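Please read the structure below before turning to the comments.
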There are 2 protein chains.
Amino acid sequence: MEMLREYFKGFGELSEPNMDLLLSSCQERQLFKRDMLIQANQTVGSIYFVTDGFLHYYTHNDFGNQITLKIISPNYCWTIMDSFFHQTPTLDECKALTDVRFCELKKPDYLKIKSENVELSNFIQNITEQILSAKTVEAKKQSSLSVEERYLELLQTQPKMVQEVPVNIIASLLGTSRETLHRIRRRLAAA
Amino acid sequence: MEMLREYFKGFGELSEPNMDLLLSSCQERQLFKRDMLIQANQTVGSIYFVTDGFLHYYTHNDFGNQITLKIISPNYCWTIMDSFFHQTPTLDECKALTDVRFCELKKPDYLKIKSENVELSNFIQNITEQILSAKTVEAKKQSSLSVEERYLELLQTQPKMVQEVPVNIIASLLGTSRETLHRIRRRLAAA
DNA sequence: CTGTTAGTGTGTCATCTGACACAGTTTTTT
DNA sequence: AAAAAACTGTGTCAGATGACACACTAACAG
């Protein structure tokens, strides 16, 4: 919970009572490796904040292949936005890659927090804007960097993820095959 | 301006006076083909809403190649989020591909609107959430669909764009080369 | 109206990539 | 402890892609 407090602080000032109210609306939970957090056809009812471990967020393309959309690492706030905001079922899934500890903010509590008072309402708006901003930066990287460049960045920013998550899933995250990622690694090791 | 009113209505209810206040904060402008809307090193100060024509939003990768990030078409609300929200200079550029008519909401006016009253504040929050949701859906398509599938979708959803925008820019939007897009077109024409 | 620039269609070729195959290792389950 | 499942490293090969080249056409500016 302390980790979540620090995370929220990063988005700006928030008075003590409002911070406590916000944190008390979040529930701590955990999953074991291979447990599903979200199954296909489910409607996502919460926002999640991982404090330890890794989650695998993926979907399937028209030919049934698994497509990794994100590996969610600690200190990250995440949900399946369209399902959460519109309350429609999703076809995506989310599964624990390791044992995972996380906090959960359920939609009713999210709505209550938003309408509690002006400071909290502005705070949530601020977070939403910053997440939106971060998403577009991420999308830009996806378009403008090569697989190798993105792998190098992952190594720098998420060394633990690269260690603990199977190569085929890292490859899928980078939008390539296990074999091609292997070629990149071999090339980098040689240099 | 009527187009913008309809666009806003799509996000939910808004009382007449608030809608008028919102619309009166937007200014109508236009650009001619090849005019720059945003230059590199500029800090983006507005949100834009295109009513006619196409804008080219692009950046450059480390090797100097132009990367198309988006072709902005009518009925679309857009800005360079990280520059707008954080007021930092961007390296990206935005240029008119055709003559363009659009509305502009400057940041001071955006902030004023947000803090005007609760209804407007909630309305803006709602728009932000929906744009965030749409962005993630778009990102998912980017990852899970092939170039050909995305081209077919463009043909369906944006036939005018495909007609009016040069092939090399469409190709760049799809993350491929002019030549490969041509191969796809030939294949589709044969079938 | 005419020279210049921007855009299009298409062929060749070297390179990159994904799919498949298989052996060896680690992890999980019973 | 043994069997099964998951994961890793690596080679081969066919097919896809990007880079280059060039001719042709359309659009634009002086």
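All chains are named by letter (A, B, ...) in the order of the sequence lines, taking the proteins before the strands, and each is independently numbered beginning at 1. Bear in mind the structure is a predicted one, so any value in this text is a computation, not a measurement.
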* Structure fact -> By nearest-heavy-atom nucleotide on DNA chain C, the more 5' of B/Arg185 and A/Ser177 is B/Arg185

* Asked: Looking at the rings of B/Tyr48 and B/Tyr76, which for Trp means the six-membered one, are their centres under 6.0 Å apart?
  -> no

* **Salt-bridge present (B/Glu148, B/Arg183; N to O < 4.0 Å)** => no

* B/Gln163 has an atom CD; how far is it from atom P of D/dA26, in whole Å? -> 16 Å

* Please round to the nearest 0.5 Å and tell me the distance separating atom CG of B/Asp92 and atom NZ of B/Lys70. => 14.0 Å

* Structure fact -> Taken to the nearest 0.5 Å, the spacing of A/Ser144 OG from B/Leu91 CG works out to 10.5 Å

* To do: Could you check how far CG of B/Asp35 sits from P of D/dC28, rounded to whole Å?
  => 13 Å

* Asked: Nearest-Å distance, CG (B/Leu181) to C1' (D/dA19)?
  -> 16 Å

* To do: Flag yes if more than 12 heavy atoms outside B/Arg5 fall under 6.0 Å of its CZ atom; otherwise flag no.
  => yes

* Asked: Rounded to the Å, how far apart are B/Phe32 CZ and D/dA27 C1'?
  -> 18 Å

* Boundaries of the DNA chain C segment in contact with chain B, non-hydrogen, under 4.0 Å -> C/dA6 to C/dT12

* **Electrostatic pair B/Glu153-B/Arg150, nearest N-O below 4.0 angstrom** => no

* Structure fact -> Assign each of B/Thr180 and B/Lys33 the nucleotide of DNA chain D bearing its closest heavy atom; nearer the 5' end lies the nucleotide of B/Thr180

* Return the value, rounded to whole Å, for the distance between atom CG of B/Leu174 and atom C1' of D/dT17. => 15 Å

* Asked: How are the rings of A/His60 and A/Tyr58 set relative to one another: parallel (under 30°), tilted (30 to 60°) or perpendicular (over 60°)?
  -> perpendicular

* Atom-pair distance (CD on A/Glu179; P on D/dG15), nearest Å -> 18 Å

* Structure fact -> When rounded to whole Å, the NE2 to P distance for the pair A/His182 and D/dT8 reads 9 Å

* Considering only heavy atoms and no angle criterion, is a donor-acceptor pair shorter than 3.5 Å present between the side chain of B/Arg183 and the base of D/dG18? -> yes

* Asked: Does B/Thr176 put a side-chain nitrogen or oxygen below 4.0 Å from OP1 or OP2 of D/dG18?
  -> yes

* Structure fact -> 5'-most contact on DNA chain D (nearest-nucleotide basis), B/Arg34 vs B/Arg178, goes to B/Arg178

* To do: Whole angstrom is fine here: how far is it from CZ in A/Arg186 over to C1' in D/dT8?
  => 12 Å

